[in-house]
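Each remark here refers to the structure printed beneath this line.
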Amino acid sequence: MAHHCCSRFLDLSRFRVLKGNQVISCADILSAMLLRGIGQKLQMAYGLNARLLGFLKSSRDKVILPCGDIAALVYLWNPFTIVSCVGLSTSPIENLAVVLALFGAVTRRVPLAAFGFVMATHLSLYPATLAIPIIIILGYGLDAPPIKLFLQTRSVENEKSSTSTVSKQAKSKQTTHLPFLWKTVAHFLFWVLLWSLYVLVLCALSLNKYGGLEEMFKRTYGFILSIEDLSPNIGVFWYFFAEVFDFFRNFFLIVFHVNVLFMLLPLVIRLKHRPCFLAFVYLAISSILKSYPSVGDSALYLSLWALFVNELIDMKFSFFLFCGYLGISLLSPVMHNLWIWRGTGNANFYFGNAIGYACFQIVFVVESVSAMLNHDRALRRSSSNHGEVKS
Amino acid sequence: MATEKRNKEEEEVKTDDGSPKIKPRPIVQLGIFLVAHSPVFSVVFSAAGVLALLILPLLAKNTYISENALMPGSARSMLSNRDVSDGSKLVKDIKNYRLNHEGQGVEVQKLVGKYMSEMVAEVYYQKFHPEGNQFHPLHFFSGPDSYTLLDNVSCASYGVNVAGIIRAPRGDGKESIVLVTPYDFINGGDYEALSLGITSTLFSLLARVTWLSKDIIWLVADSRYGDYRPVAAWLSEYHSPSFKVSDLLKCGERNTADNFRRAGTVAAALVLKVDGRSERFEDTLSIYAEASNGQMPNLDLINVVNYLAVHRQGFYVKVEKVVSLLSSSWLKIIGEIFEAVGKLAHTLNPDWNFGIPVADYLEGSATLASSLYSQALGIPTGPHGAFRDNQVDAITLKVSPRFPPDSKTRQHDFFLRGARLLEGTIRSVNNLLEKFHQSFFLYLLTSPSKFISVGVYMIAFALLVAPLPMVAASLYIEGCKALTKSTDNPTENLKSWKWLDAAKQVFALHLFGFIVTLLPYFICQVPGQHSPSNRSIMWGTTSSSLLLITFAAIPGCSPFTSRHHGTHWAVLKSVTISAAFIGLCLMSIINFATAEIGALLLVPTCLMAQPIKPALRSRRIKSMLGAFCSMVLLTIGFPVMFFAISKGLFGEGLVGLSLGGEFWTWLESLWAWKSATYLYIGMVHLPCWLLCLCILFHPS
């Protein structure tokens, strides 16, 4: 009996895996490879910056971790990725589009970046926020310590090497900001326009019989923005919008969606020197405040987080967060079982779990950002020490 | 607990950085205080947890009917003598039939069916196959398994259920109530036939009443192969029909192919059994409510039955209790202490009335212990368990009459009262407009009319596990400090990621636990007949060789590696304790009773675990005592050992060499019933126990 059941189950699952998972697992593997590429670029940039600031020569103890490999492994071995792959979710494909956009931006393949960006936005709308980090990457270049630091180091060195020869004029002429590559950005915007036109025309052609583009916008972006589907997920919106009175619904829809947009500007001001990290923060925030989040989104931002292991090595609460993520991800199926299957629990059980998950994600993002800022502060402190010692 | 953990980290950061001290917030200070004095607090909290468990019978509240629509006992019974005589006639006929035709179960089924159809019920017969108990790793937490029929069924062993449906005159056929009477058609006793009599009496009444708004299904389950299986088979056919024509249908003379009838969603189900003679003066009614994995039916259902049985029909109602606890002296002493404290409190303030007499306390604790035990085992205590798996509230009522089965005059009265009880209950459930949802689903019973709700009993558990995060935090800080001092290698100087090595070890052992949990499935596939002891030996040897491989394959995992490879024991213990904490919290939601009993065992073991070598080296009495305690706890904590000890405690005698076999049989019963306790033992208890063992022999 059991054997029979089991073999039947296995056959079924094998069949499914063969049929549907091929695309999805390919997407996952491709994303991991692209992440590795991004990581290698970032690692090179990190090494270059460290050398420029003079850390790498002086202290041999600072070993650069291969962040690309780590990120790719984190992405592939993350239980969230595996679950969303096995569950035939489409999030691996959305993730692939996002990673493609970032890869294109990091390697300065502008059409590719535009394509990834347009596809990601087309598939799940929220990656539209990534326009800001991508433009910064293309305009200013990769993640680096704040520009002030370089200036400081250079001025210290200048003072040391040449006391009077370099005129004060030259010093003041030293750029206080990097040049912004308007041309590349315009190039990018042009390609975005092109690709979106292309996608829209294709959609219009294929949806001709089904109501055209208007219907598509209503059914896709409208569906995301108006939160029509209230079936339980790991987010917090479904519960709230199941409870909210109908005449307040529009108001709260605006409030909830503005929440995502609200944080864009402050973050870009604070983190403009680290655009890739900014992309990670945006993705994490949108995965918390999304209308229909899934664990696949977490898989993406967790692997992007791993790109910054070198900077975030001193992150606080790592063990606490790890235990929290583990506990919540084990608890949520149990709560779901208790509510849906056994009928002894109720919606609050599962929603409580979702709130806990959101809290842990928020702590995670806040800690990552503060660890990154602390890293910058530590760099400044050590570089000024460095300078003092040298001079 | 979360705040404590966070607090711990904040404290750690401060000590690490040496940054200017900002005065922390009060809650942070409290957290730091708790973590700094964790040994004291862990003792206090654990003791409080055990005390809270002992105090639970005092905190039990009287049950009350929460759903207003139920209105038990508000309508007058309509049962007449004619109905009772119908029931008596059926019992008499069955008896006669059995005297004349020995061993012809089919005819008795036909007889019951005939009676049903005479009462204008729709009658049908369902054949089912008694299923063997097989381990299936994917069956835990799944819903009712779709009852797939094997292609090669033998006609030698199959059972036949008889079911009759009365359509409700006021209903729309979308809801129903199920009455189940398990009866062994081949060799059922005289008492068992009485249950058919009671239900038949009731059925005869229900066939002509006008107030029914839910259809009534009377299922006579063929209990030749146990009570549970026929009901489960009927339910799975009821809810998820299989459209494959099975060979089973061709067995026997009657073709039962496509006459299975249904009657809407089942609102509630009552299982009626009549057992041997009551030991008391009154007729006794025992209520069984525990379904698989400690699930309980809605408390309102028990309340209604209890209310009607006590206040209307004069039954003596009881729930199962651990009899040996009633005479235990230590519990009596505790009860006396509580009584004295209660009296003292009463003299101080007349409003404090929490004291209860010793006898009540003993009764309450014995019932509570039984309730905990059956919930923890996760095995349903009767056929009602099959209903709970389908989200239907159901209980088993076991009636023990005070007369011998052949007394005619008493039987009339007994049928009348039994049927009235059922009638009242059905009438109440019939009033319901929606599913049972008002009252509790998560509770423990201390008597038929007293319960402890989830909000109260969770306190005991929370107190018991509260030391775990505290001790984990303080150990984490301690271990990190020690590691920072000891490591000169700059590559390992990852400030906040020192726990990764320990986590690797913990993960490896949990993976090992997972594999060990699944091993029985493969052992069951080994061809040939093996005795349980042989199988347990196979299991034991495979597991221990796997453990050795794990130790060999992952450096730093084994307790016997050199000092430099391994992690610091404090960090390892911290991660172990966190894993145990997560596991216990998870289990407390799946099955509270298992988690409570598991925590009583696992929490002290985890807290006491210490490397034994420094303790022996130091030769101080305190550390020697600690090491001794942890060794004793670890010995008790080994699942097989605990099984043997609990068997000994329950007075079944130590079993010696056949222990392995008995343990195997016990586990087999657990997985056959899809009990999550089995998963807990394999995936939480065993890995944590092994990790504690690693800590004990840690070379530090």
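So that the names make sense, note that chain A is the first sequence line, chain B the second, and so on, each numbered from 1.
The shortest side-chain heavy-atom distance between Phe319(A) and Ser578(B) falls under the 4.5 Å cut-off. No side-chain heavy atom of Cys323(A) sits under 4.5 Å from any side-chain heavy atom of Phe581(B).
Distance CG/Asn337(A) to CD1/Ile589(B): 11.5 Å, rounded to 0.5 Å. Atom CG of residue Asn293(B) and atom OG1 of residue Thr344(A) lie 10.5 Å apart, to the nearest 0.5 angstrom.
Taking both residues in full, the closest heavy atoms of Gln391(B) and Ile340(A) are given as NE2-O, 2.8 Å, listed atom of the first, atom of the second, then distance.
The contact between Ile582(B) and chain A is made entirely by side chain atoms (from C-beta outward), counting heavy-atom distances below 4.5 Å. With a 4.5 Å cut-off on non-hydrogen atoms, Leu330(A) touches chain B through its backbone and its side chain both.
Formation of a donor-acceptor pair under 3.5 Å by the Arg342(A) side chain with backbone atoms of Arg388(B) is not found in this model.
Within 6.0 Å of atom CZ in Phe507(B), 12 or fewer heavy atoms from other residues, nucleotides or ligands are found, so the atom counts as exposed in its surroundings. Phe349(A) CZ: more than 12 foreign heavy atoms inside a 6.0 Å radius.
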